[in-house]
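Below is one structure, written out as structure tokens, with a few remarks after it.
Residue numbering restarts at 1 for every chain, and letters A, B, ... go by the order of the sequence lines. Computed from a predicted structure; not experimentally measured.
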Amino acid sequence: MTPADLSAAIVRIIAALQADGRLALKDGEGQLPAEVVVERPKNREHGDWATNVAMQFAGKFGMNPRAFAELLSGELAKVDGVEKVDIAGPGFINLFVSAASAGELAKAIVEADAAYGRGTDLAGVKLNLEFVSANPTGPIHMGGTRWAAVGDSLARVFEAQGAQVTREYYFNDHGAQIDRFARSLLARAKGEPAPEDGYGGAYIQEIADRVLAETATDILSLPEVEAQEAFRAAGVDLMFAEIRESLHDFGVDFDVFFHENSLYESGAVQKAIDKLKALGHMFEKDGALWLRTTTFGDDRDRVVIKSDGEAAYIAGDLAYYLDKRSRGFDQCIYMLGADHHGYIQRMMAMCAAFGDKPNHNLEILIGQMVNLLRDGEPVRMSKRAGTVVTMEDLVEAVGVDAARYALARSSINSQLDIDLEQLQKKTNDNPVFYVQYAHARTKQVAKNAASLGVERTEFDPSLLEHATESELLAKLSELPRVVAQASEFREPHRVARYLEEVAGTYHRWYDACRVTPLSGGQVESVHRTRLWLNDAAGVVLRNGLDLLGVSAPERM
RNA sequence: GCCCUCGUAGCUCAGUGGAUAGAGCAAAGGCCUUCUAAUCCUUUGGUCGUAGGUUCGAUUCCUACCGAGGGCGCCA
């Protein structure tokens, strides 16, 4: 009996009561949702599970919540595995299930193994998830690192719901930003200081040196313009290779690296503009070509082709969106930093102008900034001074697992403070180790069990009657719902928070219940049965860590 | 001025209408001749920014205000 089972039972009961006329929806009330919320009550004395379904739906049937609860509870009490049903307060229905029916879950999880926690909410959906997308002017900084961790984890969560996900990285290697990068390389190669608006830092020196070493011609003897172009071309390649390598080492591999320029070279930008013209959403003014985004809720119209004939940034976005759609993606999700929140309206307007559905075909997730601290003091970062803390710096300081976990365990709506000093000094206090240790413990317990002859040769769930076993089973039952919610709300941090709860519940169980008998003791049914529960906890911890891209070590 | 996000324990953060608001860290104390003590247990710690409103019920939804960060280009 899991909460999902109980929820389904309640839905069935309501349908049956409607069928035999004991319940009737009031006029004007639509149909009821397919599932009802069954949760662990905060106070365990209230029961194993509780639902507020009576308070929510009684009105729709023209009843008061208590009476509705009475009607439901009579039927619920007949459900197999339900031991007792209480009604409390304004109409809470509190359910008590037998240890045997609750314990069945342990075996089910072990047998489902990697499939436990997966769902079908997004079965058959083709999703495009674009994240990081930093231009190759330097290494990935903390902001990009956060999106790499969160984005990849979100992709994994979507995949766990059956979606076919393409991880995509959009970049540009031309333009003002890149010019600054190229000028900085050139200046450094000549031994000059970084340009006023350029980039500093050791990586500029490294790239400049490598460009000089790996290029046959003597770049520095070329005319200024040609030299800069040589540094741009070679420097971008080297920088981008480094970025890809950093991401790969971070456990994030993109399916598509999309080059903005390809949209211009293929004529896709012109096609997108033509399409919008045909739809009547373009107009000319002051020598420029505009998209009338105000028709679709933007607060001002947007220039697509500037009066000097050059394309504005949004021109690429128009074509890029159409390209994604033409590749068969029903949903295109963009993860952007808070400094891009002003894009949302124009992007949604663009989506609507093409006749698509904003917030469905196009979805934008805005993530807040990462603040770096050192001993509680903000670290001032400057691209020019080269004091930017990068993905590699973070990984070097705390390792991939701790870095990904620290970045993925908080809501993207919140600014995140990362204190390098603290993470370096107190790695043992990092929550990721708490979770990983719990997983390692399940493995070592299983190993010890095997060596002492405790095997999963029998399973008697009625023996899982200790309070900590009830708690552990209840917690393990939540994984499918947590993953589904993480997917629905685009919030992978829910998985991390859940794992911390699982780890705590597991540790408490471990403290109270032994899988192997004390020395000299006989191996009994309860030991063999508990091994199933131990292994089930291991499966849940491993599956959850997988969703975060964090390793599940066998021992620590 | 307008727009977005945030404001919850000393710190970092969970909690998108339910019962007595949680975790980790920090502080104080307690358990290893028994499967991993990176675990566990106890204690201390709160005007959920402020003020209204919506309702059976609000940390959660609405409004205003205060505070923090970000954004309001024919830049990319």
Side-chain angles (χ1 to χ4, degrees), chain A residues 37 39 41-43 45-46 50-52 55-56 59 64-65 88-92 94 135 137 172 174-178 260 285-290 299-300 302-314 316 337-345 366-369 371 373 376 406 409-419 422 426-431 433-434 436-438 440-449 451-452 454 468 485 489 491 493-494 496-498 500-501 503-504 506-521 527 530-531 534 555-556:
Chain A
V37 176
E39 285 178 317
K42 280 175 193 152
N43 186 341
E45 288 169 16
H46 289 144
T51 176
N52 63 356
M55 277 110 81
Q56 271 186 319
N64 74 59
F92 288 102
N94 294 327
N135 282 343
T137 56
N172 179 23
H174 287 275
Q177 277 185 35
I178 302 287
E260 185 189 17
K285 192 180 112 186
D286 303 333
L289 187 62
W290 300 65
D299 51 11
R300 54 179 299 163
R302 304 292 169 178
V303 169
V304 178
I305 303 293
K306 298 186 269 183
S307 53
D308 64 3
E310 290 290 312
Y313 187 75
I314 194 174
D339 53 338
H340 285 75
H341 104 267
Y343 281 27
I344 297 177
Q345 281 191 312
I366 296 294
Q368 300 299 312
M369 307 279 174
N371 300 314
L373 306 176
R409 77 186 284 268
S410 290
S411 162
I412 59 167
N413 288 334
S414 296
Q415 290 186 26
L416 192 57
D417 286 345
I418 296 280
D419 192 318
Q422 193 175 24
K426 307 181 178 177
T427 49
N428 286 357
D429 298 330
N430 191 308
F433 294 113
Y434 182 75
Q436 287 183 314
Y437 184 71
R441 206 173 222 186
T442 66
K443 289 299 182 185
Q444 293 308 305
V445 166
K447 202 173 154 189
N448 284 319
S451 69
L452 289 171
V454 179
T468 58
Q485 285 192 329
F489 298 125
E491 294 183 344
H493 75 273
R494 288 168 182 271
R497 299 301 174 145
Y498 166 72
E500 289 166 29
E501 292 172 12
Y506 173 78
H507 286 313
R508 282 186 285 279
W509 171 73
Y510 169 91
D511 201 58
C513 299
R514 295 189 56 88
V515 171
T516 56
L518 287 169
S519 56
H527 301 117
R530 280 176 179 162
L531 182 57
N534 176 76
R555 59 180 312 132
M556 292 175 75

Under 4.0 Å, heavy atoms only, any strand: does [X] hit a base, just the sugar-phosphate, or nothing?
| X | value |
| --- | --- |
| Arg514(A) | base |
| Ser307(A) | base |
| Ala438(A) | nothing |
| Arg494(A) | base |
| His507(A) | sugar-phosphate |
| Asn94(A) | base |
| Ala449(A) | nothing |
| Asn371(A) | nothing |
| Glu500(A) | nothing |
| Asn43(A) | base |
| Ala288(A) | base |

Sticking with atom [atom1], work out how far [N] lies from [M], rounded to a whole angstrom.
| N | M | atom1 | result |
| --- | --- | --- | --- |
| rU54(B) | rC66(B) | P | 24 Å |
| rG7(B) | rA14(B) | C1' | 15 Å |
| rC41(B) | rU55(B) | C1' | 42 Å |
| rC31(B) | rC40(B) | C1' | 8 Å |
| rC61(B) | rG18(B) | P | 11 Å |

Give a yes/no answer on whether the side chain of [X] brings an N or O atom under 4.0 Å of OP1 or OP2 in [N].
| X | N | value |
| --- | --- | --- |
| Ser414(A) | rU12(B) | no |
| Arg300(A) | rG73(B) | yes |
| Tyr498(A) | rG15(B) | no |
| Lys306(A) | rC75(B) | yes |
| Arg497(A) | rG22(B) | no |
| Tyr510(A) | rA37(B) | yes |
| Arg409(A) | rA14(B) | no |

With both distances kept under 3.5 Å, what pairs with rU12(B), Watson-Crick or G-U wobble?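 Per the H-bond distance test, rA23(B).
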Watson-Crick/G-U partner (both atom distances under 3.5 Å) of rU54(B):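 Answer to the pairing question: none, since rU54(B) forms no Watson-Crick or G-U pair.
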Please lay out, stage by stage, how Lys443(A) and Arg441(A) fare under the test side-chain contact (heavy atoms from CB on, under 4.5 Å). CA-CA 5 Å; Lys443(A) 289 299 182 185; Arg441(A) 206 173 222 186; over 6 Å; no
Are Arg514(A) and Asp511(A) within salt-bridge range, i.e. N to O under 4.0 Å?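 Here Arg514(A) does not pair with Asp511(A) in a salt bridge, since their nearest N and O are not under 4.0 Å apart.
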State whether the aromatic ring of Phe92(A) stacks on the base of rA19(B), taking stacking to mean ring centres under 5.5 Å apart and ring planes under 30° to each other.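 Yes; by the centre-distance and plane-angle rule, Phe92(A) counts as stacking on rA19(B).
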Using the aromatic ring of His493(A) (for Trp, its six-membered ring), decide whether it stacks on the base of rA14(B) within the limits of 5.5 Å and 30°.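 Not stacked by the 5.5 Å and 30° rule.
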Please determine whether any donor N or O and acceptor N or O are separated by less than 3.5 Å between the side chain of Asp417(A) and the base of rU12(B).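 Side chain to base: no pair present.
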Any donor-acceptor pair under 3.5 Å between the side chain of His341(A) and the base of rG71(B)?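 Donor-acceptor pair under 3.5 Å: no.
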As an exercise, state the distance from CZ of Arg530(A) to OG1 of Thr516(A), rounded to the nearest 0.5 Å.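 Interatomic distance, Arg530(A) CZ to Thr516(A) OG1, rounded to 0.5 Å: 10.0 Å.
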Looking at OG1 of Thr442(A) and CG of Asn534(A), how far apart are the two atoms once the value is rounded to the nearest 0.5 Å?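 Output value for this atom pair is 5.5 Å.
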Round to a whole Å and report the spacing from [atom1] of [X] to [atom2] of [N].
| X | N | atom1 | atom2 | value |
| --- | --- | --- | --- | --- |
| Asn413(A) | rU60(B) | CG | P | 16 Å |
| Leu416(A) | rA14(B) | CG | P | 8 Å |
| His340(A) | rC75(B) | NE2 | P | 15 Å |

Is the glycosidic angle of rC32(B) within 90° of 0, making it syn, or outside that range, making it anti?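 Syn, angle within 90° of zero.
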What I'd like to find out is whether the side chain of Thr51(A) reaches to under 4.5 Å of the side chain of Gln56(A), using heavy atoms alone.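 A side-chain contact is absent here, since even the closest heavy-atom pair is not under 4.5 Å.
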